[in-house]
Amino acid sequence: MMTLKATTPSTDNVVPLRANFLPRHREYLMRWLDAGTCMGLCDVDVSPRSGNGPIEHVLVWVRENADPAYLLRPEGMNWVLVDNLRDHRLGSFKTFEAALYAIRPVLACGATAAA
């Protein structure tokens with residue numbers, strides 16, 4: 001008598017798609033921050049998940065608050081923007097630049113730096 005064993009697909013080799021924070025994003029973020037100081041942008045912080053791993057989130061400070069006003073994080077292939085003070089999701093954006101534009105439209109949307 002032969003017994004058939006049910007097989008389940010292994011999830012060991014599944015790699016979830018996730019937006020990555022690239023050097024061009026860092027360059028754009030710094031240009032955006034510099035251009036937005038006249039519109040109340042004060043500082044940003046890019047927090048890595050681990051040493052050299054993918055980023056956990058980007059925090060954005062504005063002059064009106066001592067606490068970070070916005071949190072931007074990769075979620076799948078999109079960037080999620082959160083009102084960090086009220087813990088309220090503001091939207092999901094296809095590009096990092098579009099999410100920053102939603103915070104303060106200080107640079108032309110789509111003015112991405114070359115990688």
Side-chain angles (χ1 to χ4, degrees):
M1 176 179 240
M2 181 186 248
T3 306
L4 294 176
K5 186 176 171 183
T7 59
T8 57
S10 172
T11 58
D12 293 343
N13 60 355
V14 175
V15 178
L17 292 176
R18 182 178 166 100
N20 287 322
F21 189 76
L22 303 172
R24 70 177 176 87
H25 291 131
R26 185 174 299 279
E27 180 185 332
Y28 187 88
L29 179 64
M30 292 301 109
R31 287 191 311 129
W32 177 81
L33 179 62
D34 186 49
T37 54
C38 63
M39 290 181 72
L41 294 176
C42 289
D43 200 6
V44 295
D45 179 45
V46 179
S47 298
R49 187 176 293 272
S50 62
N52 289 330
I55 71 159
E56 178 75 25
H57 58 260
V58 175
L59 293 172
V60 178
W61 279 264
V62 295
R63 76 172 149 234
E64 295 87 14
N65 295 298
D67 294 324
Y70 300 97
L71 180 138
L72 183 57
R73 69 173 183 267
E75 186 175 281
M77 293 305 294
N78 291 324
W79 293 89
V80 174
L81 179 60
V82 175
D83 177 336
N84 197 53
L85 299 171
R86 293 169 191 83
D87 194 26
H88 176 73
R89 184 179 170 136
L90 298 173
S92 179
F93 301 87
K94 294 281 184 202
T95 66
F96 181 72
E97 294 82 0
L100 292 179
Y101 188 86
I103 296 172
R104 296 284 197 279
V106 296
L107 294 178
C109 196
T112 307

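These numbers were taken from a predicted model, which means no experiment stands behind them.
- Between atom CG of residue L81 and atom CZ of residue R89 there is a gap of 9.5 Å, rounded to the nearest 0.5 Å.
- Summarising the geometry, atom CG belonging to L90 is positioned 7.0 Å from atom OH belonging to Y70; distances are rounded to the nearest 0.5 Å.
- Ion pairing between E97 and R31 fails under the 4.0 Å rule for side-chain N and carboxylate O.
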Do any side-chain atoms of residues 32-44 form donor-acceptor pairs under 3.5 angstrom with protein atoms, and if so which ones, sequence neighbours left out?
unit_1: W32; atom_1: NE1; unit_2: L100; atom_2: O; d: 3.3
unit_1: W32; atom_1: NE1; unit_2: R104; atom_2: O; d: 3.0
unit_1: T37; atom_1: OG1; unit_2: D34; atom_2: O; d: 3.2

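- Considering every non-hydrogen atom in both Y28 and A108, the closest pair reads OH-O, 3.7 Å.
- Cluster annotation: F21 and M30 are assigned to the same hydrophobic cluster (Ile/Leu/Val/Met/Phe/Trp/Tyr, side-chain heavy-atom contacts under 4.5 Å, transitive).
- Under the 4.5 Å side-chain heavy-atom criterion for Ile, Leu, Val, Met, Phe, Trp and Tyr, V46 and F96 are members of the same hydrophobic cluster.
- Residues L72 and A99 approach most closely at CD1-CB, 3.4 Å, considering heavy atoms.
- Checking side-chain atoms of N78 against main-chain N and O of S92 turns up no donor-acceptor pair under 3.5 Å.
- Under a 4.5 Å side-chain heavy-atom criterion applied to ILVMFWY residues, the cluster that includes V80 comprises L59, W61, L71, V82 as well.
- Partners of D45 under the side chain to side chain donor-acceptor pair (under 3.5 Å) rule, at least two apart in sequence or in another chain, are S47.
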